[in-house]
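Everything below concerns the one structure shown next.
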Amino acid sequence: MKKSAQATINDVARLAGVSKKTVSRVINRSPLLNEETRERVEKVIAEIGYVPNPQARALALRRNFLIGLIHDNPNPHMVLNVQQGLLEVLRDTEFELIVHPVDRGSTTMLDDIRRFLERQRPYGVMILPPISENDSLAALCQEIGARYVRMGSASFDDPEHMVASNDREVVRGAVAHLVENGHRRIGLVLGPHGFRSALERSQGYEAALDDADIPIQRTLIAQGDYTFESGMRAAERLLDLSPRPTAVFCSNDAMAAGVLHTARQRGLDVPRDLSIVGFDDTSIASYLWPPLTTVRWPIATMARAAALKLIGDGEDEESGESLFVSTLIRRASVAPPVE
């Protein structure tokens, strides 16, 4: 067939001996293809001069080639890591990322998201916690016909709609690490009310203490909201106790940095006087002194998996990974307590 501006995806599929879905995978640089098929399709595309037309395809699909990221999260490091993971997959494809922050406290949140979906007509959306835990939002995506993937600290949807981590289990191990170092007065800085991650991490803390036959003392638990300032406030309360905790588990790294800052202000040495463990393993964890022992949450990896689920052709979504294991990264902020 001679080169023609009118070459279509049907022409490519026929000449390459594959389906239109396979041609779409090649166009979108899907990693799910073998190299032989990819090379055969790319050769035909080059020979006949086929040029994908995103506008025409979008019109036919009644969807734009946009992937939406919907969030209301106070942790900017987490949101940036998610964006990085999504963009790694979307780069060199027809898809673009559009970020849509919302206010989970607004009575019009669902209406606002409905307007966003109807106006932008995204191909699919990734929804971050805590609003990912809202089943009404998932139902809204299904009603409108937008693919969606929810991110969470536990699984609460079908695998094709979910990327989840093992927060409770990994925090149980992180607090056990403090117990193994001889700590028995272990404080906890909670995440925000209404976050499933905060609940899963606090339950991991309680399970570790129960494993070690250490009574749970509510005075050793302080409220936080995933911000540096809330970590400082929590530390003020915990370090005013007598006796004070010898170690603190913080539900994210930003709050752990706040605890470390307050401990330093009070003249305490970390880890000699106070051991600290965080969660996330954001860049702040290695920049602090001493470097922070923390849980590495595979945020970017989860985001990459979500992107693959969203731009897949529907046949491979269920085979995609949906549970991701976090791991404890041991650094210099933990040591046995001073007798």
The criterion is salt bridge (charged side-chain N to carboxylate O under 4.0 Å, His left out); which residues satisfy it with R40, sequence neighbours excluded?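 By the salt bridge (charged side-chain N to carboxylate O under 4.0 Å, His left out) rule, R40 matches no residue at all.
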Between [X] and [Y], a side-chain donor and acceptor under 3.5 Å:
X	Y	result
N34	T37	yes
S251	Y205	no
Q223	H193	yes
T227	D225	yes

Can you say whether the rings of Y123 and F65 are parallel (under 30°), tilted (30 to 60°) or perpendicular (over 60°)?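 Y123 and F65: parallel rings.
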Give the ring-plane orientation class for H161 versus Y148, where under 30° counts as parallel, over 60° as perpendicular and anything between as tilted.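 Ring orientation, 0 to 90° scale: parallel.
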Can you tell me if [X] uses its side chain to pair, donor with acceptor, with the backbone of [Y] under 3.5 Å?
X	Y	result
R168	Q203	no
E133	R196	yes
T93	L90	yes

With the 4.5 Å side-chain cut-off for hydrophobic clustering, are L199 and L190 part of the same group?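 L199 does not cluster with L190.
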Share the residues that join F156 in a hydrophobic cluster, the rule being Ile, Leu, Val, Met, Phe, Trp or Tyr side chains under 4.5 Å apart at the heavy-atom level.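 ILVMFWY cluster around F156 also holds M162.
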Does the side chain of [X] reach to within under 4.5 Å of the side chain of [Y], using non-hydrogen atoms?
X	Y	value
V334	H177	yes
P271	I276	no
Q83	L80	yes

If the condition is side chain to side chain contact (heavy atoms under 4.5 Å, CB included), which residues does [X] pass it with, not counting sequence neighbours?
X	answer
D210	none
D211	R172
E169	N166

List the atom pairs, donor and acceptor, that lie under 3.5 Å between side-chain atoms in residues 290-302 and the rest of the protein, sequence neighbours left out.
{"unit_1": "T293", "atom_1": "OG1", "unit_2": "R331", "atom_2": "N", "d": "2.9"}
{"unit_1": "T293", "atom_1": "OG1", "unit_2": "R331", "atom_2": "O", "d": "3.2"}
{"unit_1": "T294", "atom_1": "OG1", "unit_2": "D253", "atom_2": "OD1", "d": "2.6"}
{"unit_1": "T294", "atom_1": "OG1", "unit_2": "G278", "atom_2": "O", "d": "3.2"}
{"unit_1": "T294", "atom_1": "OG1", "unit_2": "F279", "atom_2": "N", "d": "3.0"}
{"unit_1": "R296", "atom_1": "NE", "unit_2": "D281", "atom_2": "OD2", "d": "2.6"}
{"unit_1": "R296", "atom_1": "NH2", "unit_2": "D281", "atom_2": "OD2", "d": "3.0"}
{"unit_1": "W297", "atom_1": "NE1", "unit_2": "S165", "atom_2": "OG", "d": "2.9"}
{"unit_1": "T301", "atom_1": "OG1", "unit_2": "R304", "atom_2": "NH2", "d": "3.0"}

Criterion salt bridge (charged side-chain N to carboxylate O under 4.0 Å, His left out) against E118, the qualifying member of R121, R115, R114: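 So, applying the salt bridge (charged side-chain N to carboxylate O under 4.0 Å, His left out) to E118 and each of R121, R115, R114, only R114 qualifies.
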